[in-house]
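Here's the structure, in structure tokens; my notes come after.
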Amino acid sequence: QVQLVESGGGLVQAGGSLRLSCVASGRTFNNYAVGWFRQAPGKEGEFVASIAWSGVRTNYAESVAGRFTISRTNSRNTVYLQMNSLKSEDTAIYYCAGDRFNRGSDFRERYDSWGQGTHVTVSS
């Protein structure tokens, strides 16, 4: 497994933007797909976005499509989540996860490495 560390969370007003980063370390990150998931207070966790190793294939939840963009820089072992037009309902802890089989799925069970999460709070 790789170790994943998220950063970039914080407090932002509705309509604002944040960029989250997920940095991998440890064993090789080669061929890993990465997904972002989130968990809001009192709610179940949900899929946000995923990106395959190549960076060509991406997938988004309907609730964030058109507002969030996932990207990666493999030379830096880093995956980003650009979040624009933030809404209060985007408030959650955001986690990045790695899938060594490069499936880029929206099923959390397919991810075998998880970060500790970063808090995002959107004030209305």
Side-chain angles (χ1 to χ4, degrees):
Q1 293 183 347
V2 297
Q3 287 75 51
L4 302 175
V5 178
E6 304 94 336
S7 63
L11 174 64
V12 64
Q13 289 187 338
S17 298
L18 282 174
R19 189 177 78 159
L20 306 184
S21 298
C22 171
V23 179
S25 62
R27 64 163 291 172
T28 180
F29 197 42
N30 287 346
N31 207 45
Y32 269 71
V34 173
W36 285 95
F37 293 78
R38 67 186 182 185
Q39 184 155 17
K43 296 184 179 180
E44 291 190 3
E46 64 174 344
F47 168 78
V48 175
S50 66
I51 187 167
W53 166 251
S54 67
V56 173
R57 182 163 45 93
T58 59
N59 187 26
Y60 295 93
E62 285 189 14
S63 58
V64 306
R67 299 188 298 123
F68 291 10
T69 302
I70 190 170
S71 61
R72 65 192 299 162
T73 302
N74 288 336
S75 61
R76 297 183 177 181
N77 287 345
T78 303
V79 173
Y80 305 97
L81 185 68
Q82 178 67 42
M83 306 187 296
N84 298 329
S85 302
L86 282 162
K87 306 175 182 179
S88 57
E89 51 263 44
D90 294 318
T91 295
I93 302 174
Y94 284 72
Y95 300 89
C96 68
D99 171 14
R100 67 183 187 274
F101 297 113
N102 196 30
R103 289 165 290 191
S105 171
D106 55 354
F107 291 106
R108 61 184 302 121
E109 292 77 12
R110 292 188 173 178
Y111 293 85
D112 45 75
S113 301
W114 290 82
Q116 294 300 306
T118 185
H119 290 251
V120 172
T121 304
V122 183
S123 62
S124 56

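Hydrogens, waters and symmetry mates are skipped; everything else that's a heavy atom, side chains included, is used.
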Sub-4.5 Å side-chain heavy-atom contact between [X] and [Y]:
| X | Y | answer |
| --- | --- | --- |
| Q39 | E46 | no |
| Q82 | S17 | yes |
| R100 | N31 | no |
| I70 | Y60 | yes |
| L81 | V48 | yes |
| L20 | M83 | yes |

To the nearest 0.5 angstrom, please state how far the [atom1] atom of [X] sits from the [atom2] atom of [Y].
| X | Y | atom1 | atom2 | answer |
| --- | --- | --- | --- | --- |
| F107 | S50 | CZ | OG | 11.5 Å |
| S123 | Q13 | OG | CD | 5.0 Å |
| R108 | D106 | CZ | CG | 11.5 Å |
| S54 | R72 | OG | CZ | 8.0 Å |
| S113 | Q3 | OG | CD | 7.5 Å |
| F68 | D90 | CZ | CG | 4.0 Å |

Using the rule that Ile, Leu, Val, Met, Phe, Trp and Tyr join whenever any side-chain heavy atoms are under 4.5 Å apart, tell me whether [X] and [Y] fall into a single cluster.
| X | Y | result |
| --- | --- | --- |
| V79 | L18 | yes |
| I93 | F47 | yes |
| V23 | F29 | no |
| W36 | L86 | yes |
| W53 | Y111 | no |

Hey, is the main chain of V122 close enough, under 3.5 Å, to the side chain of T91 for a donor-acceptor pair? yes

Judged by atom type as modelled, is there a donor-acceptor pair below 3.5 Å linking the side chain of E6 to the main-chain atoms of T118?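 Absent.
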
Output the rest of the hydrophobic cluster of V5: all Ile, Leu, Val, Met, Phe, Trp and Tyr residues reachable through side-chain heavy-atom contacts under 4.5 Å, sorted by chain and number. none

Which pair of non-hydrogen atoms, one from [X] and one from [Y], has the smallest distance, and what is that distance?
| X | Y | value |
| --- | --- | --- |
| D99 | G104 | OD2-N, 3.8 Å |
| N102 | R57 | O-NH2, 3.3 Å |
| R103 | R110 | NH2-O, 2.9 Å |

Walk me through whether W114 and F37 qualify under ring pair (Phe, Tyr, Trp, His ring centres under 6.0 Å). CA-CA 10 Å; W114 290 82; F37 293 78; 5.2 Å; yes

Under 3.5 Å, is there a donor-acceptor pair linking the side chains of R76 and N74? no

Of all pairs that satisfy ring-ring contact (aromatic ring centres under 6.0 Å, His included), the ones with a partner from residues 75-96, not counting sequence neighbours: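 Every candidate ring-ring contact (aromatic ring centres under 6.0 Å, His included) pair involving residues 75-96 fails, so no pair, neighbours aside, qualifies.
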
Under the criterion side chain to side chain contact (heavy atoms under 4.5 Å, CB included), I'd like the reasoning laid out for N77 against Y32: C-alpha separation, chi angles, the key distance, then a yes or no. CA-CA 10 Å; N77 287 345; Y32 269 71; over 6 Å; no

Might you confirm whether atom CD of Q116 has over 12 heavy atoms from other residues, nucleotides or ligands at distances under 6.0 Å? no

